[in-house]
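Please read the structure below before turning to the comments.
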Amino acid sequence: MKRIPLFHAGFTRLPGRLPMGAFETVIFEKDDRGIARVTLNRPQALNAFSVRMRDDLYEVLSAIKIDDEIRAVIFRGAGEKAFCAGADLKEFLTAPSAIKARRIRALRDLWRLFLSVPQPLIAALHGYVLGSGIEIALYCDLRIASEDVVFGLPEVELGILPAAGGTQTLPRLLGLGRSLDMLLTGRRCKGREAFESGLVSHLVSGERLLQSAEEVALEIASLDPRVVRSAKQAVVRGMDMTLDQGLDLERRLALQCRSASK
Ligand code: DAK
């Protein structure tokens, strides 16, 4: 398979299927190497996750999911200080009623949409990665962080539950003990500890963060996308199955890959 050169500066802001200027809170770019880049773009509010950002991400992920040209996706945060400092606390105070919020969530379930994206998702994380920020990172398949990264789930300190999946996704990655330590206390977890616990798979300097994420994305983009998607599916779906069911799934996917390559 053809290898594509590294660090080609060919990102464009206008993806074919997405309307121009549609996004207030997110920058979506894709290049001709099969890599898409999604930037959370509210640096003045440390990229706090707002209703608008939820809707923008919903549009972007829906488009990515059906775009076969895209082989890997990088998520990152704009600005120096944060990937995302969690849900927008100013907006929380003016939130619609619980019933209305539940109805909107059912219509635009961003978290399940994250789970359904077939391409590998790579989070490039720096600075504060709190609340919904860490929950977004946990929906990604790979997490690469710079040394200044600070993870945390401050929800319990605010009297709420991490309800964007954190209670489910974190234990799947870190196991019960380490997850409960963070979830029940709101304790922050910094770079080295995050790396040693497996919360991130690569820890790099701030200057190298995006480059490292691109290197990994390019590596993935150079492989057969059917095999990559099947491997992701086997692992992610298999995690919620018994070993027996997981082995069946693996066998089915391997057969599909073999017959597609003939
Ligand atoms: N929301 C809105 N604005 C924020 C923000 C946030 N989460 N975090 C920071 N900002 C804003 C600040 O207000 C400030 O704006 P100006 O005052 O300049 O206008 C600007 O960003 C810079 O922040 P700081 O001045 O505070 O910067 P520092 O370096 O001093 O401190 C910090 C950084 C990250 C330690 C601090 O900003 C902070 O503690 N931020 C709040 C962190 C937090 O508690 N986040 C919320 C986590 S809870 C659910 C779904 C999801 C969730 C819950 C329910 N359901 C479906 C039911 C999720 C909940 C969460 O994420």
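All ligand and atom numbering here is 1-based and tracks the order in the structure. Computed from heavy atoms alone, side chains included, the values below leave out hydrogens, waters and symmetry copies. Along the sequence shown, residues carry numbers from 1.
A salt bridge links K30 to D67: one of the charged nitrogens lies within less than 4.0 Å of a carboxylate oxygen. Electrostatic pairing of R229 and D68 counts as a salt bridge here, judged by a charged N lying under 4.0 Å from a carboxylate O. Salt-bridge formation is not detected for the pair R252/D248: no Lys NZ or Arg NE/NH1/NH2 atom is positioned less than 4.0 Å from an Asp or Glu carboxylate oxygen. A salt bridge does not link D88 to K90: none of the charged side-chain nitrogens sits closer than 4.0 Å to a carboxylate oxygen.
Of all atoms in ligand 1, listed by their number and element, those nearer than 4.0 Å to a heavy atom of D88 are 1 (N), 2 (C). Annotation for ligand 1: atoms under 4.0 Å from non-hydrogen atoms of L130 are 34 (C), 42 (C). Atoms of ligand 1 lying under 4.0 Å from at least one heavy atom of A85, given by number and element, are 7 (N), 8 (N), 42 (C), 43 (C), 45 (N), 46 (C). Atoms of ligand 1 lying under 4.0 Å from any heavy atom of K81, numbered from 1 in the order shown and given with element: 27 (O), 28 (P), 29 (O). Interface of K90 with ligand 1, defined as ligand atoms under 4.0 Å from a residue heavy atom, comprises 13 (O), 15 (O), 19 (O).
With a heavy-atom cut-off of 4.0 Å, Q44 touches ligand 1 through its backbone alone. At a 4.0 Å heavy-atom cut-off, ligand 1 touches A87 through backbone and side chain alike. Only the side chain of P154 comes within 4.0 Å of ligand 1, judged by heavy-atom distances.
For the residue pair N41 / T39, no side-chain donor-acceptor distance below 3.5 Å is found, with atom types taken as modelled. Inspection of the T25 and R52 side chains reveals no N or O donor paired with an N or O acceptor under 3.5 Å.
Among A163, G165, G186, the residue whose heavy atom lies closest to atom 57 (C) of ligand 1 is A163. Counting only non-hydrogen atoms, the option in C84, S132, P43, G166 that gets closest to atom 51 (C) of ligand 1 is S132. Closest to atom 23 (O) of ligand 1 by heavy atom, among L153, L46, I136, is L46. Counting heavy atoms only, Y128 comes closest to atom 32 (C) of ligand 1 of the residues W111, F49, Y128.
Residue-environment remark: CZ (R187) exceeds the threshold of 12 foreign heavy atoms within 6.0 Å. Atom CG of L255 is surrounded by more than 12 heavy atoms from other residues, nucleotides or ligands within 6.0 Å.
For ligand 1, the polar-atom distance check finds no N/O of A164 at less than 3.5 Å from any of the ligand's N/O atoms.
No option in L125, L209, V149 other than L125 meets the side-chain contact (heavy atoms from CB on, under 4.5 Å) test with F83.
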